[in-house]
Protein chains: 2
Amino acid sequence: MANSASGDSVVDRVVRVIEAFPEGVTSLQLTELADRAELPLSSAHRLVRQLSEHGLLDLGAGGTVRLGLRLWELVNRNSPTLALRQAAMPFMEDIQQVLNQNVNLAVLDGWEALFVERLSRRGSVANRARIAGRMPVHITSAGVALMSHQPRELQAEYLEQFHDPSGKVTADVVRHYLAEAAQQGYAQLAGVVDPDTWGIAVPVLNGKRRTVAALGVVVPLAEMRLQALVPALQTAARGIGRQLGD
Amino acid sequence: MANSASGDSVVDRVVRVIEAFPEGVTSLQLTELADRAELPLSSAHRLVRQLSEHGLLDLGAGGTVRLGLRLWELVNRNSPTLALRQAAMPFMEDIQQVLNQNVNLAVLDGWEALFVERLSRRGSVANRARIAGRMPVHITSAGVALMSHQPRELQAEYLEQFHDPSGKVTADVVRHYLAEAAQQGYAQLAGVVDPDTWGIAVPVLNGKRRTVAALGVVVPLAEMRLQALVPALQTAARGIGRQLGD
DNA sequence: ACACGTTCTACCATTGAACGGAAGGCTCCT
DNA sequence: AGGAGCCTTCCGTTCAATGGTAGAACGTGT
């Protein structure tokens, strides 16, 4: 139902163009972009030109397309997580100082944990790569901490549709994770990237006692001392919550 | 030249909607958004609904409009400054550790310095608010450091159009700043926000020896020790440049 | 040096998607 | 109960969006 051929609105197309960049890729050739966005070349060209006139995209010489600085600026200035990140940052720095561990902050989006902020451990190489990264709920402590404090109906819906493509984890196992985390008030899970690390996360509640985020650390197995880590995280999480208001 | 009345394309309107959020504001009523974007209410409504179906915006109950988490995610994953920030982060952490000062990283956009990353001084409150913030070239050390290492023509063009609305600074003063910074290899300027602080910044050169960013610190006057700060910054800047390649 | 493949850019007649005024709901005041 | 302010939906009109086509600009292999 488009102006002519292929059933989509201008907005659909704009979205597809922005979404066309694969994770971590900052620059695309026009042809490849048109390909990925499933647009006729001439249409892609026109859209990209229009968007780059406004600075949302950057159309370099020779058809190189990047996201525009202006877009990055606008989105980061008015990000929906701005208040959360601002409230959390000082506490995350405290945790990093006191515990010397990787600290991260995640929110729930769909059935995934979306990492909105992260401080890397002093001396470790930058794992900042994963800011704006996603992980399925059931493989991260942040995900489990978030889901375990959601309303019953949402948890039920989640477990209903749960399916682990690798087949390693069943819904019952996840149910157990959630129950345990809900009871303990924190979630702990073996690291996904590095099997010798553990993740520990606690929920962050806003003024209305709704779970809006999870605050977590990733620690090497050798330094795994729950009695030190959990109280620190919980204290910080309460601090963040108080700062947030609502 | 729009489908009917008021001379702008769909893309123009989408851009206006995203740009409608004032700095630091994360949430807008539909009516206010329509007003700011100069769109008829029904058109604004249609656009917002379309965009929120794709997750670029978030249309809450009661007409509350926010930027979508998905948009934030996409932009941060594929940000044009991703490589720069990743390369710089470890070095910025080093600076923060060793000097215990606020560290920031800026790029030149138009005649302004756009801050793309910032680490706050240990113990100080979050000044992270200003990530994605802009400042005119001539009032920040980062801006001067950036501009002083640009090609002659660009500097000329900049000085040509330079005008300080407050009337405090003349083009000649700025010319002096730039010359000094170019000669010394670093820029130092009195703080704008707090008059008792100083900013010091050095250019970051990529493999082709093009100035792509400025690395800077903001220090209290009492701790202003150039002989310690400048070498540390320059070393870090070289490290970043090496990491960047090109 | 030439021909070929690939990519970017520009043009323009056709047509259906975008437009927005108006009317209907809804909530929250007074 | 009435009104003000907001969100949402509907639908006939109209012109902006569309994309095939063609040409320009590289780069590459023979």
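What you see is a predicted model; the values in this text were computed from it and never measured. Letters A, B, ... are given to chains in the order of the sequence lines, protein chains preceding strands, and every chain is numbered from 1.
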| query | Taking only N and O in the side chain of A/Arg46, is any of them less than 4.0 Å away from OP1 or OP2 of C/dC12? | reply | no

| task | Indicate yes or no for a side-chain donor-acceptor contact from A/Arg70 to the backbone of A/Gly55 under 3.5 Å, with no hydrogens or angles considered. | result | no

| Closer than 4.0 Å, any side-chain N/O of A/Ser43 to the OP1 or OP2 of D/dT18? | no

| request: Answer yes or no: does a side-chain N or O of A/Ser42 lie under 4.0 Å from OP1 or OP2 of D/dG20? | output: no

Could you pull out the protein-nucleic contacts involving nucleotides 4-7 of chain C (nitrogen or oxygen on both sides, under 3.5 Å)?
{"unit_1": "C/dT7", "atom_1": "O3'", "unit_2": "A/Thr31", "atom_2": "OG1", "d": "3.4"}

| request: Send over the distance from B/Asp8 CG to D/dC15 C1', rounded to a whole Å. | output: 13 Å

| For B/Arg210, all residues meeting salt bridge (charged side-chain N to carboxylate O under 4.0 Å, His left out), sequence neighbours excluded | none

| message | Under the rule for side chain to side chain contact (heavy atoms under 4.5 Å, CB included), what residues qualify as partners of B/Gln161, not counting sequence neighbours? | response | B/Trp111, B/Tyr158

| Length of the NE2-C1' vector between A/His45 and C/dC11, whole Å | 12 Å

| Under the salt bridge (Lys or Arg N to Asp or Glu O under 4.0 Å) rule, what pairs show up with a residue in residues 47-59 of chain B, not counting sequence neighbours? | B/Arg49-B/Glu53

| message | Does C/dA18 have its OP1 or OP2 closer than 4.0 Å to a side-chain nitrogen or oxygen of A/Arg13? | response | no

| task | Under the side chain to side chain contact (heavy atoms under 4.5 Å, CB included) rule, collect the residues that match up with B/Thr81, sequence neighbours excluded. | result | A/Leu69, A/Trp72, B/Ser79, B/Arg85, B/Val116

| task | Using the test side chain to side chain contact (heavy atoms under 4.5 Å, CB included), find all partners of B/Arg242 that sit at least two apart in sequence or belong to another chain. | result | B/Arg238

| query | In whole angstrom, what separates B/Leu33's CG from D/dC6's C1'? | reply | 14 Å

| Is A/Arg77 reaching over with its side chain to a backbone N or O of B/Ala132, donor-acceptor style, under 3.5 angstrom? | yes

| note | side-chain hydrogen bond (donor to acceptor under 3.5 Å, both in side chains) pairs touching residues 131-152 of chain A, sequence neighbours excluded, are A/Asp109-A/Arg134, A/Glu112-A/Arg134, A/Arg134-B/Glu73

| message | Please give me every residue in residues 47-59 of chain A whose heavy atoms get under 4.0 Å of an atom in DNA chain C, ordered by residue number. | response | none

| Value in whole Å for how far the C1' atom of C/dA18 lies from CZ of B/Arg16 | 14 Å

| remark: Residue set satisfying side chain to side chain contact (heavy atoms under 4.5 Å, CB included) with B/Ser42, at least two apart, ordered chain then number -> none

| query | Whole-Å distance between C/dA18 C1' and B/Leu39 CG? | reply | 12 Å

